[in-house]
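Have a look at the structure below before the remarks.
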Amino acid sequence: MAPPDWSLTLAAAASFCGVLCLCLRFRAGRGLWREGVSKIMARTEKPLFRIAYTLYTKTRLGYLFYKRQMRKAREHYPAGHSKAQPVELNGVKIIPISVLSDNYSYLVIDTASSVAAVVDPADPQAVQAVLEEEGVMLEAILCTHKHWDHSGGNKWLKRLHGSCRVYGNATDNIPGLTHPLSHRDSVTVGRLHFKALFTPGHTVGHMIYLLDGCAGVPPSLFSGDLVFLSGCGRMFEGSARTMLSSLDTVGSLSEDTLLWPGHEYAEDNLLFATEVEPQNTARESKYQWVQQQRSQKLCTSPSTIGEEKAYNPFLRLHLPDLHKALGLQQLPDEDWTEFRARALEELRRRKDLFNRR
Ligand SMILES: [Zn+2]
């Protein structure tokens, strides 16, 4: 948790009250407390947003907001927001844990040694319940970034599991961090081998974790708030150029890689993708499947990187049809990467407008 910033102005505090008022207003309807920080911020105008974001990430107010979000979500979804099936492949068991209103934590177990790592334990009690059910020992917390809806349970679990290591990037102010990571560092838990990849943009120190595959078993990517099914995270703390480089890191992975994102946003994201690529048949068939899943509150993870490349507009920024849909053209002296970053900026702007509807 970040220390309170006592230099915050009264105006900033008043603005946060404005955000809280927004929360209360929406509570009667869809219930803003049920939404992740990305969606909350998407509803907030720019100057107000900066202040609210600072308060959320740098003061105790953010932590209190997260605690309230967790309490309300536990009341509203006593069995979790979605039903998820564990996947077991060659001695590796991956269990999506549905937490808060639309987040997923992931428990990854080496079944031979009964040791486990957890990715983004937002609600520590929900994670602890699964650890006890599985009878496994928690050796590591892999934290993608500092937002409370990903890192809020780190300290609670660390207190309970004294030898548990907490991984993340040092620039991101991860609560309870014990093992700072850099790009391409390795993390070993039992027979599980993860590679940490530095992917800033959503936050300054965002990391994603790639679990090695082995014979006949595909690798798994835990992507936090960088990439979702058919979407990407908001660029809270980085330029479009920075975010593009992080998205390119994901795009460079093998197509059979399983994608385990930090939120259940599939339905909304595919609806948005329909606006920019209405003729995309891969998107249409995935949307049909997602609608079926969500009608029964079933988890939509994992997809694969190959699938995402076929319909996720944020991984298709090199395609002329997408540029056309965005009304963009490469300028004569414009670098290709600069142009793709400009396309990303426009695509993200449209997605933010879409979220506000
Ligand atoms: Zn986030």
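Remember, it's 1-based here, ligands and their atoms both numbered in the order they're listed. These figures come from a predicted structure and were not determined experimentally.
- When the Zn ion (ligand 1) is compared with the N/O/S atoms of H147, atom ND1 turns out nearest.
- Ring geometry, F236 versus H202: the interplanar angle falls from 30° to 60°, so the pair is classed tilted.
- Salt-bridge formation is detected for the pair R74/D123: a Lys NZ or Arg NE/NH1/NH2 atom is positioned less than 4.0 Å from an Asp or Glu carboxylate oxygen.
- No cation-pi contact links R234 to F314, judged by a cut-off of 6.0 Å to the six-membered ring centre and 45° from its axis.
- The Zn ion (ligand 1) lies at 2.8 Å or more from every N, O or S atom belonging to H150.
- In this pair, F222 and Y106 present their aromatic rings tilted. The plane angle is within the 30 to 60° band.
- For residue D149, no N/O/S atom approaches the Zn ion (ligand 1) to within less than 2.8 Å.
- Angle subtended at the Zn ion (ligand 1) by H202 NE2 and D225 OD2: 90°, rounded to 10 degrees.
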